[in-house]
Amino acid sequence: MNLTQKENNISQIKDVLKVYLQEKGYRNTPERYSILEEIYNQQNHFNVDDLYLLMMQKKYHVSKATIYNTLEIFLDAGLIRKHQFMEKDSNSSSYEKSYFDRQHDHLVIYKKDSTSDRDIEEIIEFCDPRIQGIKESIEAAFGVKIDSHSLYFYGTKKD
Ligand SMILES: [Zn+2]
């Protein structure tokens, strides 16, 4: 993605946030836009602590409470997705930007010698068209419209 494309994307999601905040009657504070921009500059999944550190490094003064609160707003606005990767010692959720992304699922690979304490080695994103097929047959079988799904595979690398 070239820089201009990236700038366009960031200005587009800022507009999405602006409209959302107006519709909900939430305050239009500048730190919400700074946090959103940092998230959209990220390539990886992140948790609240990662984002908090990143904001500190960039000399933005936002509290963790503000970050938590802002992430809830972004989730509701459809700007990010929330995940549970079951990492060791961590009940914290992971997040990722979602507005321009294709739907994908996650394969969480733990370090082999640490299966019990769940030390994550790698998270692979995949997109398998068969999942769309499953969704369609479930919709037909139960007469429902499925809006979203959640699928995680957890494992270790084979020798
Ligand atoms: Zn992902």
Side-chain angles (χ1 to χ4, degrees), residues 1-21 31-58 60 62 64 66-112 114-139 144-158:
M1 193 184 293
N2 63 42
L3 199 60
T4 317
Q5 174 75 55
K6 197 171 180 179
E7 282 162 4
N8 284 343
N9 283 357
I10 284 179
S11 95
Q12 197 179 331
I13 46 140
K14 283 183 173 175
D15 286 344
V16 171
L17 179 60
K18 192 174 170 193
V19 168
Y20 173 88
L21 293 175
E31 59 262 34
R32 286 180 173 153
Y33 294 91
S34 308
I35 295 171
L36 188 66
E37 182 159 356
E38 286 312 316
I39 288 173
Y40 272 76
N41 282 328
Q42 292 304 301
Q43 293 311 316
N44 297 317
H45 306 94
F46 58 89
N47 62 28
V48 169
D49 289 340
D50 298 332
L51 187 56
Y52 180 68
L53 279 176
L54 187 73
M55 297 304 287
M56 290 220 301
Q57 282 161 6
K58 299 268 171 124
Y60 291 116
V62 289
K64 268 194 195 179
T66 298
I67 289 179
Y68 273 108
N69 174 279
T70 303
L71 289 175
E72 286 305 313
I73 287 172
F74 293 173
L75 272 173
D76 193 51
L79 291 165
I80 56 172
R81 254 184 240 122
K82 187 177 189 175
H83 299 293
Q84 282 294 346
F85 292 137
M86 317 276 275
E87 193 162 12
K88 79 170 169 183
D89 309 331
S90 168
N91 295 318
S92 74
S93 301
S94 296
Y95 301 86
E96 69 182 333
K97 61 183 184 225
S98 63
Y99 195 75
F100 301 105
D101 290 3
R102 264 162 51 120
Q103 172 72 49
H104 60 264
D105 297 291
H106 297 86
L107 170 57
V108 182
I109 301 171
Y110 299 116
K111 287 178 186 157
K112 184 164 291 169
S114 70
T115 316
S116 59
D117 55 7
R118 303 191 314 271
D119 209 354
I120 291 176
E121 178 171 317
E122 191 182 357
I123 295 170
I124 296 175
E125 298 183 331
F126 66 93
C127 193
D128 188 322
R130 286 175 294 180
I131 292 163
Q132 181 65 21
I134 293 170
K135 190 185 118 191
E136 283 162 15
S137 42
I138 297 288
E139 285 181 327
V144 294
K145 184 189 165 300
I146 294 173
D147 299 316
S148 66
H149 78 267
S150 165
L151 172 67
Y152 301 93
F153 291 119
Y154 304 95
T156 52
K157 283 208 169 127
K158 289 184 180 171

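As the structure lists them, so they are numbered: ligands from 1, and atoms in each ligand from 1.
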### Query
Under 30°, 30 to 60°, or over 60°: which ring-plane class applies to Phe85 and His83, parallel, tilted or perpendicular?
parallel
### Query
Can Asn9 and Tyr99 be counted as having a side-chain donor-acceptor contact under 3.5 angstrom?
no
### Task
Side-chain contact test, heavy atoms from C-beta onward, threshold under 4.5 Å: evaluate it for Glu72 versus Lys82 and give yes or no.
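Yes, their side chains come closer than 4.5 Å.
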Please determine if [X] and [Y] form a salt bridge, counting it only when a charged side-chain N lies under 4.0 Å from a carboxylate O.
X	Y	answer
Lys157	Glu122	yes
Glu139	Lys145	no
Arg81	Glu96	yes

### Task
Determine how many protein N/O/S atoms sit closer than 2.8 Å to the Zn ion (ligand 1), leaving waters out since they are not shown.
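My tally for this metal is 6.
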